[in-house]
Number of protein chains: 2
Amino acid sequence: MSVFAHHTHDYASDPDAALEAADQHFLKAGVRFTPLRRRVFEIILRAGKPIGAYDILERLRDHGKIAAPISVYRVLDFLIEQRFVHRLATINAYMACVTPEDPHAAQFLICQCCGSVTEISDPVMDKAIADGAKTANFQVSYPLVEIMGICADCSKAGKQAKGCKKS
Amino acid sequence: MSVFAHHTHDYASDPDAALEAADQHFLKAGVRFTPLRRRVFEIILRAGKPIGAYDILERLRDHGKIAAPISVYRVLDFLIEQRFVHRLATINAYMACVTPEDPHAAQFLICQCCGSVTEISDPVMDKAIADGAKTANFQVSYPLVEIMGICADCSKAGKQAKGCKKS
DNA sequence: GGTGTATAGTAACACTATAACAAAATATGC
DNA sequence: GCATATTTTGTTATAGTGTTACTATACACC
Ligand SMILES: [Zn+2]
Ligand SMILES: [Zn+2]
Ligand SMILES: [Zn+2]
Ligand SMILES: [Zn+2]
């Protein structure tokens, strides 16, 4: 058995369900899930992979909305704070959390070949970080783990030998 | 006893020694440690904390050198490849490695209060990441661990309550 | 309805990083 | 030494990422 948490509801793979779940969540929580916030979250969900802030901006504009970068960043801040979106510092991109309702530290496996990113939640890593920080008397607020490499698919296909075009 | 590797030669705290060690290393390795590369490395060492690419640029110019951003980034690429410098993706900054001669995966404790960064090398974290990746059939090329939080000094001083000005 | 707060719009700007090509410095083979 | 290939650096322009400051609007609360 894997050490990874497995999720029965992988919202990221079903944008409509994820959106509805978000609607319910914010309604219950008494937090305003405004049209702009909902639209940005939908764009991130439908992207299917990490998406950059300016790509989000572009897609907002495709839908007739006139928007500036700041609008996107403000919404991103909101969604990250609400734990519905993760930021990937390594590639300056944003992706939907697979289990937003469940507070968690996450780790990301970022494929340098196909650009896919897998979110995992490994308690062993969590504990290693917590212990390491404690030894240094360091008070953790956010542990960022982004593991660059080649995903199983690309490794199997031998794509990385052919030049690894990001798609 | 700590799980962390302890370094008898903490080069980062003695820029002159670190520079001389680098001279020796590159001479032995037959790699060109040009004046520009040496100067940039010295700037990073003397900064004492992580420094941005454009701050490096500015300090180069202070010393009469006319330089463009690309020059700095090229040297940074070189120094990172040679493992003498680490890049901190979270804060877009660069810092000298404390043990460049010893190939290692590193983790960074980044204080959001004072901006200090501590490089640690925790084999438990290394193993956790290696195991986690293996479970996912993910071939790791570079594991990035940047832990944001409050350092021991700031925590003790209670600075984080007062607003955490980065110095 | 009036008032305060949260959200979004508008415009300008700051910061981070790279591309393309030319020049100079260095290494290599003769 | 000298010609040649390679590496490093310079020059100029541009792409990509993120923020500041201020205004306007929408919403919550009384
Ligand atoms: Zn998540
Ligand atoms: Zn892949
Ligand atoms: Zn190091
Ligand atoms: Zn601190």
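Each chain gets a letter, A, B and so on, in the order the sequences are listed, and its residues count up from 1.
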* To do: Show your working on side-chain contact (heavy atoms from CB on, under 4.5 Å) between B/C97 and B/H104 and close with a plain yes or no.
  => CA-CA 10 Å; B/C97 176; B/H104 59 280; 3.1 Å; yes

* Asked: At how many degrees, to 10°, do the end axes of the helix from C/dG1-D/dC30 to C/dC30-D/dG1 meet when each uses five pairs?
  ->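 Comparing the first five pairs with the last five, the axes sit 40° apart.
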
* Does any residue of residues 24-40 of chain B have a heavy atom under 4.0 Å from DNA chain D, and if so, which ones, in number order? ->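 Under 4.0 Å from DNA chain D: B/R32, B/T34, B/L36, B/R37.
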
Partner residues of [X] under the side chain to side chain donor-acceptor pair (under 3.5 Å) criterion, sequence neighbours left out:
X      : value
A/D23  : A/R38
A/K65  : none
B/K134 : none

* Extract, from 5' to 3' on DNA chain C, the first and final nucleotides lying under 4.0 angstrom from some heavy atom of chain B. =>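 On DNA chain C, the outermost contacted nucleotides are C/dT16 to C/dT26.
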
* DNA chain D: 5'-proximal contact among A/G52 and B/V75 (nearest heavy atom) ->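 In this pair, the answer is B/V75.
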
Any side-chain heavy atom of [X] sitting closer than 4.5 Å to one from [Y]?
X      : Y      : result
B/T118 : A/F138 : no
A/T34  : A/V75  : no
A/I44  : A/L79  : yes

* Among pairs that include at least one residue of residues 51-61 of chain A, which meet side-chain hydrogen bond (donor to acceptor under 3.5 Å, both in side chains), considering only residues two or more places apart or in two chains? ->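 For residues 51-61 of chain A, and leaving out neighbouring residues, there are no side-chain hydrogen bond (donor to acceptor under 3.5 Å, both in side chains) pairs at all.
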
Backbone of [Y] reached by a side-chain donor or acceptor of [X] within 3.5 Å:
X      : Y      : answer
B/E42  : B/L19  : no
B/Q107 : B/D122 : yes
A/E119 : A/V98  : yes

* To do: Strictly below 4.0 Å, heavy-atom distances to any atom of DNA chain C: list the hits from residues 55-67 of chain B, or just say none.
  =>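 Nothing qualifies; none.
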
* For B/P143, enumerate each residue passing the side-chain contact (heavy atoms from CB on, under 4.5 Å) test, keeping only those at least two apart in sequence or located in another chain. =>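 B/A105, B/I129, B/V140.
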
* To do: Decide if atom CZ of B/R46 counts as having more than 12 heavy atoms of other residues, nucleotides or ligands within a radius under 6.0 Å.
  =>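 Atom CZ in B/R46 is packed in, count exceeds 12.
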
Atom pairs under 3.5 Å, N or O on each side, protein against nucleotides 18-22 of chain D: can you list them with distances?
from: D/dG18; atom 1: OP1; to: A/R87; atom 2: NH1; distance (Å): 2.7
from: D/dG18; atom 1: OP1; to: A/R87; atom 2: NH2; distance (Å): 3.2
from: D/dG18; atom 1: OP1; to: A/N92; atom 2: OD1; distance (Å): 3.4
from: D/dG18; atom 1: OP2; to: A/Y73; atom 2: OH; distance (Å): 3.0
from: D/dG18; atom 1: OP2; to: A/Y94; atom 2: OH; distance (Å): 3.3
from: D/dG18; atom 1: O5'; to: A/Y73; atom 2: OH; distance (Å): 3.4
from: D/dG18; atom 1: N7; to: A/Y54; atom 2: OH; distance (Å): 2.7
from: D/dG18; atom 1: O6; to: A/Y54; atom 2: OH; distance (Å): 3.3

* Asked: By ring pair (Phe, Tyr, Trp, His ring centres under 6.0 Å), which residues pair with B/F26, not counting sequence neighbours?
  ->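 Residues passing ring pair (Phe, Tyr, Trp, His ring centres under 6.0 Å) with B/F26: B/F33, B/F78, B/F84.
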
* Scan residues 72-81 of chain B for pairs that pass salt bridge (charged side-chain N to carboxylate O under 4.0 Å, His left out), counting only residues two or more places apart or in two chains. =>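 Residue pairs passing salt bridge (charged side-chain N to carboxylate O under 4.0 Å, His left out), neighbours aside: none found.
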
